[in-house]
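The block underneath contains the structure these notes are about, expressed in structure tokens.
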Amino acid sequence: MRHYEIVLLIHPDQSEQVPAMLERYKALVSAGGGQLHRVEDWGRRQLAYMIQKLAKAHYLCLNIECSKETLAELETGFRFNDAVLRHLTVARRKAETAPSIMMKAVEREESRKASQQQEAAA
């Protein structure tokens with residue numbers, strides 16, 4: 001089995017269905033005998049360029065270990081799911097389990113917003 005990192009761009013109107021999509025993908029990987037090493041929800045972010053007249057998308061990052069057949073099944077699912085705007089699969093040498101740079105930035109941004117809200121409330 002090989003290690004892969006998958007980044008998904010989900011239509012922003014489908015953000016509430018992201019947990020259900022994640023569960024479906026997790027079930028597909030585990031049914032194929034694979035493992036999920038890291039699942040990150042980066043939230044809605046600005047796109048570098050317009051995709052289907054959209055300026056924002058919901059980002060997901062998955063680090064998985066699976067067979068080629070399972071990966072092909074996942075990518076076919078991405079291709080035929082209208083909510084998935086783009087997907088990128090990159091083969092990795094080893095499992096990535098530490099938080100990514102993007103996730104660290106998201107956490108910093110969330111903590112900054114929380115501290116601003118606390119200051120505004122006080």
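All figures in this text were calculated on a predicted structure; none of them were measured in a lab.
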Shortest non-hydrogen contact between Cys66 and Tyr4, atoms and distance: O-CE1, 3.8 Å
Between Val106 and Leu47, is there a shared hydrophobic cluster once you connect ILVMFWY residues whose side-chain heavy atoms come closer than 4.5 Å? yes
Derivation of the side-chain contact (heavy atoms from CB on, under 4.5 Å) call for Leu74 and Leu28: CA-CA 7 Å; Leu74 270 173; Leu28 221 128; 4.1 Å; yes
Between His37 and His3, does the ring pair (Phe, Tyr, Trp, His ring centres under 6.0 Å) criterion hold? Intermediate values first, please. CA-CA 9 Å; His37 294 287; His3 298 278; 5.4 Å; yes
For the residue pair Glu5 and Thr89, confirm or rule out a side-chain donor-acceptor distance under 3.5 Å. no
Taking every non-hydrogen atom, the tightest pair across Ala57 and Pro12: CA-CD, 4.3 Å
What are the two closest heavy atoms between Ala83 and Gln14, and how far apart are they? CB-CG, 3.6 Å
Heavy-atom side-chain contact between Leu60 and Val7 under 4.5 Å: no
Report the C-alpha distance between Arg108 and Arg112 in whole Å, list the side-chain angles of each, state the deciding distance to 0.1 Å, and finish with yes or no for side-chain contact (heavy atoms from CB on, under 4.5 Å). CA-CA 6 Å; Arg108 266 197 313 269; Arg112 184 182 52 82; over 6 Å; no
Where does the angle between the aromatic ring planes of Tyr25 and Phe78 fall among parallel (under 30°), tilted (30 to 60°) and perpendicular (over 60°)? perpendicular
Any non-hydrogen side-chain atom of Leu36 less than 4.5 Å from a side-chain atom of Asn63? no
Taking every non-hydrogen atom, the tightest pair across Gly32 and Met1: O-CE, 4.2 Å
Where Glu16 and Asp13 come nearest, the two heavy atoms and their spacing: OE2-O, 2.8 Å
How far apart are the C-alpha atoms of Glu23 and Lys26, what are their side-chain angles, what is the distance that settles it, and do they pass the salt bridge (Lys or Arg N to Asp or Glu O under 4.0 Å) test? CA-CA 5 Å; Glu23 288 304 316; Lys26 285 180 188 178; 3.6 Å; yes
Passing option when Leu9 is tested against Leu88, Leu85, Leu54 for side-chain contact (heavy atoms from CB on, under 4.5 Å): Leu85
Indicate yes or no: does Glu40 engage Arg38 in a salt bridge with an N to O separation below 4.0 Å. yes
Determine whether Val29 and Gln35 satisfy the following criterion, side-chain contact (heavy atoms from CB on, under 4.5 Å), listing intermediate values before the conclusion. CA-CA 6 Å; Val29 170; Gln35 272 187 310; 5.8 Å; no
Rounding to 0.5 Å, atoms NE2 (His58) and CZ (Arg45) come to a distance of 11.0 Å
Salt bridge between Lys113 and Glu110, side-chain N to carboxylate O under 4.0 Å? no
Drop me the distance from His11's NE2 to Asn81's CG, to the nearest 0.5 angstrom. 11.5 Å
